[in-house]
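Data first, discussion second: the structure below is written as structure tokens.
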2 protein chains.
Amino acid sequence: MELLNKNICFDGEQRIYQTQSQTLKGPTKFAVFIPPQALNGQKCPALYYLAGLTCTEETFIIKAHAQRLAAQLGLILIAPDTSPRGDAVAQGDSWDLGQGAGFYLNATQAPWAEHFQMESYIVEELYPLLIQELPIQAEAIGVFGHSMGGHGALTLAWKYPEKFKSVSAFAPICAPCECPWGEKAFSNYLGQDRIEWAKHDATQLLLTKGPLFDEVLIDQGTDDQFYSQLNPEKYQQACEQVGQKLSLRFQKGYDHGYYFIQSFIDDHLQFHAIQLQK
Amino acid sequence: MELLNKNICFDGEQRIYQTQSQTLKGPTKFAVFIPPQALNGQKCPALYYLAGLTCTEETFIIKAHAQRLAAQLGLILIAPDTSPRGDAVAQGDSWDLGQGAGFYLNATQAPWAEHFQMESYIVEELYPLLIQELPIQAEAIGVFGHSMGGHGALTLAWKYPEKFKSVSAFAPICAPCECPWGEKAFSNYLGQDRIEWAKHDATQLLLTKGPLFDEVLIDQGTDDQFYSQLNPEKYQQACEQVGQKLSLRFQKGYDHGYYFIQSFIDDHLQFHAIQLQK
């Protein structure tokens, strides 16, 4: 873990690290906010934030405005990049495929499979590394995210409930098997077999595995310009079907961007702080 | 005023406008945060934020994390661009001169004088325009800023105390006549006559005009990478000399960037809210 940047922020530290990832086969960056409690030697709960299409490890730490309350609550915030990067990595034809669009899964198809292993990178490489290197309470780690990263949060939580104790999302892609973003990404990364796709679809995973968390919190703006890609109603219906408690809040007038996220970030941090203390 | 963007944020609106400026002789943008109280028809106090070198009208609204408390306090936030822009405007040789480096004064020297009239643009054009177009309490307008914009806030407040009722700054350039940034900008924009320079130097203005505000709030990081350009001690000394009440807070470990600003933005908003209510 090479420390690239460190800025004092709310008496904590906003850091950016780089590592040579075995899983992604190349360098990758991630951001970590260390609250003052952790600087003072106390082990703290941690929260992974998975960002959306086109974002990097810097998007959340600049635009989501989470540090103030995280410093108060004593939450470590971890924000990985959204894909492998670099000249050696396949670029993709557009902003919704390839670099900046890793979809938090392991690609099986060429040319993606070589580097696009974001699922394994996060849960098998970064997750244990940070428990080892940072003052994290290993039994108190949550995950949340936005859009593609909301899909990432909901799917990783359902795939690895032993690793994540709490989960929430902003405007997540709830049913990627049934929207253009998901269809494009899954057909490229996973091939044409839709049975494989279903293993990476939040709504399908929920229907297959059933309820796994005390509560899931989702905020969704009613004026989201990408609403047709997101399908929150399908996820809500699946939650009702299997008996998963869901707080799906439709926020009137809000769109898909970080002005929406910053408006409700405090609610999500409070939600995780409570779930992680249980 | 052409509305380019509008995002709901904390039940207020984060807007970006463009106007054709007579003063700058070209198009210019500015950001306005309208708190929910103002959306509901209530006139609200307003606060101008002047940004630093290289920044635009977007820097503050993305990085300073001011909207949450401004929405609670009912403060309108106004963030102009830091210079005239465009192909017709002189570029400058570097990031500390020309576009992105207007220094909130009226240039008198070629090639700058044609467009670089940021002082008149803000106080004679934007200021009355926004009182006319937005629900602003005209008698309750404050100004604050960062670095070059801290210089802008302190100098505009001292030049136009009838327009600004409160003033604060983050890491301001307190004595531009005596630092490389100021010497470069002033010699280019104003020529070689240092008597002219003194009219745009916060410390000199304070010594000439004496105390004008109940209190001035300045936050300064002790690990500021540009500390040698800023001279807060000279400003403090001048305040003591003329009897201007100053809260100069040295914030241990903080640097020059927006992680510093976001850590103390709430204190500044609270400070202005109190001053503007007097």
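Below, read A as the first sequence line, B as the second, and so on, with proteins coming before strands; counting in each chain starts at 1. As the structure is a prediction and not an experimental result, all values here were calculated from the model.
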- Query: Quick check: are there more than 12 heavy atoms from other residues, nucleotides or ligands sitting under 6.0 Å from NZ of B/K6?
  - Reply: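 Not buried by this count: 12 neighbours or fewer within 6.0 Å.
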- Heavy-atom count around B/Q237 CD within 6.0 Å, excluding the residue itself: above 12?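 It does not: B/Q237 CD has 12 such atoms or fewer within range.
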- Query: Using non-hydrogen atoms and a limit below 4.5 Å, what part of residues 223-230 of chain B faces chain A?
  - Reply: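 Interface residues of residues 223-230 of chain B: none, nothing closer than 4.5 Å to chain A.
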- Mind checking which of residues 29-46 of chain B sit less than 4.5 Å from chain A, heavy atom to heavy atom?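 Heavy-atom contacts from residues 29-46 of chain B to chain A are absent.
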- Message: As an exercise, state the distance from CD1 of B/I261 to SG of A/C9, rounded to the nearest 0.5 Å.
- Response: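 SG of A/C9 is found 11.5 Å from CD1 of B/I261.
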- Query: Which residues from residues 11-19 of chain A are near chain B, with near meaning under 4.5 Å between non-hydrogen atoms?
  - Reply: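 Checking residues 11-19 of chain A against chain B gives A/D11, A/Q14.
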- Item | Within residues 58-81 of chain A or reaching into it, pairs that qualify as salt bridge (charged side-chain N to carboxylate O under 4.0 Å, His left out) - sequence neighbours excluded |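 Qualifying pairs: A/R68-A/D266, A/D81-A/R85.
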- Query: Does any heavy atom of chain A fall under 4.5 Å from the side chain of B/F260, the backbone, both, or neither of them?
  - Reply: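 Backbone of B/F260 only, per the 4.5 Å heavy-atom cut-off to chain A.
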- Keeping the roles fixed (side chain from A/H65, backbone from B/I62), state whether a donor-acceptor pair exists under 3.5 Å.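 Judged by distance alone, yes, a pair lies under 3.5 Å.
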- Check whether A/D255 gets within reach of chain B through its side chain, its backbone, both or neither, counting any heavy atom under 4.5 Å.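 Answer is side chain: those atoms of A/D255 sit under 4.5 Å from chain B.
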- Item | Contacting moiety of A/I61, where chain B heavy atoms sit under 4.5 Å |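 The answer is both parts of A/I61.
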- Residue pair A/Y259 / B/Q67: nearest heavy atoms and the distance that separates them: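 Heavy atoms of A/Y259 and B/Q67 come nearest at CE2-NE2, 3.7 Å.
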